[in-house]
*Asks:* 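Below are the structure tokens for one structure; questions will follow.
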Number of protein chains: 2
Amino acid sequence: MIDGSPGAVQGAFRALADPTRRDILVFLSRQDMTISEVASRFDITRAAVKKHLTILEQGALISVHPSGRERINRLEPLGLKSVADWLNYFDRFWDDRLHNLQEAIEEEERQKDD
Amino acid sequence: MIDGSPGAVQGAFRALADPTRRDILVFLSRQDMTISEVASRFDITRAAVKKHLTILEQGALISVHPSGRERINRLEPLGLKSVADWLNYFDRFWDDRLHNLQEAIEEEERQKDD
DNA sequence: TATATGAGATACCAAATGGTATCATGTCAA
DNA sequence: TTGACATGATACCATTTGGTATCTCATATA
């Protein structure tokens, strides 16, 4: 088994599959935001943004902190790290296979230049 | 912008969102396989596996090489690397103290932009 | 040649997904 | 207290997604 905690990894990958959610993570990396603040960055309704934030929270990529009538959304880098850890399994292939691949590509490029 | 080639990153993240597809990648990391060989590892039909392989190919996570009447599916580490590169943006946030520092800097930048 | 086999192509289905609109609730402030 | 505002909750819709079944095509092989 590769996943240390399979469920968590699945939630994180699921959350990252949507481009809007990835953009939200970038925004939150710069600054904590309320739902409305996040929503103001997009052309979709606040309700849709709320759904995205819920999925991000389920994937443990953000945490939510109530403050009065607002809810502050905060990036949780640890969740992203679980994804990076999963990818780490393939690190060794980036060394050998990737090297060979790169050579093959360059060789192909040379042959096109005829 | 974070993505070097946005479309490619989206395709890769989309492909990785499904646990069956992530398992397929692990199998292919050990050994190249035909569609039927991959399908024999799962309890779903060969047609369903074929769909997964198509999505993996669209995400540039595997490549397909016809050989006679068979089609060899091969892991493409380069596609996974594009995902890792996207995640690299968040490397600095894995340390909370760096996060706070970065936040202050970015906030200053943001207020200039408004 | 005849036949078995690997793969492609559709058509179809149930469930999940991303979105909207609408209404309810809690909290701040005048 | 009353109104304004941030959020929660629900119902609903169109599209995508993961899956099956079935048919056809191409290619080994007896």
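Reminder, nothing fancy here: chain letters follow the sequence lines and each chain counts from 1.
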*Asks:* Mind calculating the distance between CZ (B:Arg14) and C1' (D:dT17) to the nearest angstrom?
*Replies:*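 These atoms are roughly 8 Å apart.
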*Asks:* Taking the side chain of B:Thr20 as its heavy atoms from C-beta onward, which of C:dG8, D:dG19, D:dG8 lies nearest to it?
*Replies:*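 Per side-chain heavy atoms of B:Thr20, the pick is D:dG19.
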*Asks:* Without decimals, in angstroms, what is the distance between B:Leu16 CG and D:dG18 P?
*Replies:*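 Answer to the nearest Å: 12 Å.
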*Asks:* Do A:His65 and A:Ser63 have side-chain N/O donor and acceptor atoms under 3.5 Å apart?
*Replies:*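 A donor-acceptor contact under 3.5 Å links the two side chains.
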*Asks:* What is the distance, rounded to the nearest whole Å, between atom CD of B:Glu70 and atom P of D:dC25?
*Replies:*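 In whole Å, D:dC25 P and B:Glu70 CD are 21 Å from each other.
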*Asks:* Mind checking B:Ser36 for me? I need base, sugar-phosphate or nothing, with any heavy atom below 4.0 Å counting as a touch.
*Replies:*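 Result for B:Ser36 = sugar-phosphate.
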*Asks:* Would you check if A:Met33 and A:Ile72 make a side-chain contact, meaning some heavy-atom pair closer than 4.5 Å?
*Replies:*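 Sidechains of A:Ile72 and A:Met33: no contact.
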*Asks:* Are A:Thr45 and C:dG19 close enough that a side-chain N or O sits under 4.0 Å from OP1 or OP2?
*Replies:*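 No, outside the criterion.
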*Asks:* When the nearest nucleotide of DNA chain C is assigned to A:Gly68 and to A:Asp18 on a heavy-atom basis, which residue is associated with the more 5' position?
*Replies:*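 Taking each residue's closest nucleotide, the earlier one in sequence belongs to A:Asp18.
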*Asks:* Nearest whole angstrom, please: distance from the P of C:dG18 to the CD of B:Gln10.
*Replies:*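 Nearest whole value for this atom pair: 10 Å.
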*Asks:* Answer yes or no: side-chain N or O of A:Arg71 and base N or O of D:dT7 forming a donor-acceptor pair under 3.5 Å.
*Replies:*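 No, the side chain and the base share no sub-3.5 Å donor-acceptor pair.
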*Asks:* Which of the following nucleotides, D:dT20, C:dA4, D:dG18, is nearest to the side chain of B:Arg69?
*Replies:*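 Selected nucleotide (nearest to the side chain): C:dA4.
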*Asks:* I want to check one thing: is the phosphate of C:dG19, taken as OP1 and OP2, less than 4.0 Å away from some side-chain N or O of A:His52?
*Replies:*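 So the side chain of A:His52 is within the cut-off, an N or O lying under 4.0 Å from OP1 or OP2 of C:dG19.
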*Asks:* Find which nucleotide of DNA chain D each of B:Ala47 and B:Ile55 is nearest to by heavy atoms, and output the residue with the more 5' nucleotide.
*Replies:*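 The residue mapped nearer the 5' terminus is B:Ile55.
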*Asks:* B:Glu37 CD to C:dA7 C1': how many Å, rounded?
*Replies:*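 Value for this atom pair: 13 Å.
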*Asks:* Would B:Arg22 and B:Asp18 pass as an ion pair if we require N to O under 4.0 Å?
*Replies:*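 A salt bridge is absent here (no side-chain N lies under 4.0 Å from a carboxylate O).
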*Asks:* Do B:Lys51 and D:dG19 share a donor-acceptor pair, side chain to base, under 3.5 Å?
*Replies:*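 Yes, a donor-acceptor pair under 3.5 Å.
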*Asks:* Report the distance from atom CG of A:Leu53 to atom P of C:dG19, rounded to the nearest whole Å.
*Replies:*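 Rounding to the nearest Å, CG of A:Leu53 and P of C:dG19 are 12 Å apart.
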*Asks:* D:dG8, D:dT20, C:dG19: which one has an atom nearest the side-chain heavy atoms of A:Ile44?
*Replies:*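 Looking only at side-chain atoms, A:Ile44 lies closest to C:dG19.
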*Asks:* Please determine if B:Arg46 forms a cation-pi arrangement with B:Phe42, meaning its NZ or CZ atom is less than 6.0 Å from the six-membered ring centre and no more than 45° off the ring axis.
*Replies:*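 No, B:Arg46 does not lie over the aromatic ring of B:Phe42.
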*Asks:* What is the distance from CG of A:Leu56 to C1' of C:dG18, rounded to the nearest Å?
*Replies:*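 Atom-to-atom, A:Leu56 to C:dG18, this comes out as 13 Å.
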*Asks:* What's the spacing between A:Leu80 CG and A:Leu16 CG if we round to 0.5 Å?
*Replies:*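 Separation between the atoms: 6.0 Å.
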*Asks:* With nearest nucleotides of DNA chain C determined for A:Asp43 and B:Arg46 from heavy-atom distances, which residue corresponds to the more 5′ nucleotide?
*Replies:*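 Counting from the 5' end, the first nearest nucleotide belongs to B:Arg46.
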*Asks:* Nearest-Å distance, CG (A:Asp23) to P (C:dG18)?
*Replies:*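 Value for this atom pair: 14 Å.
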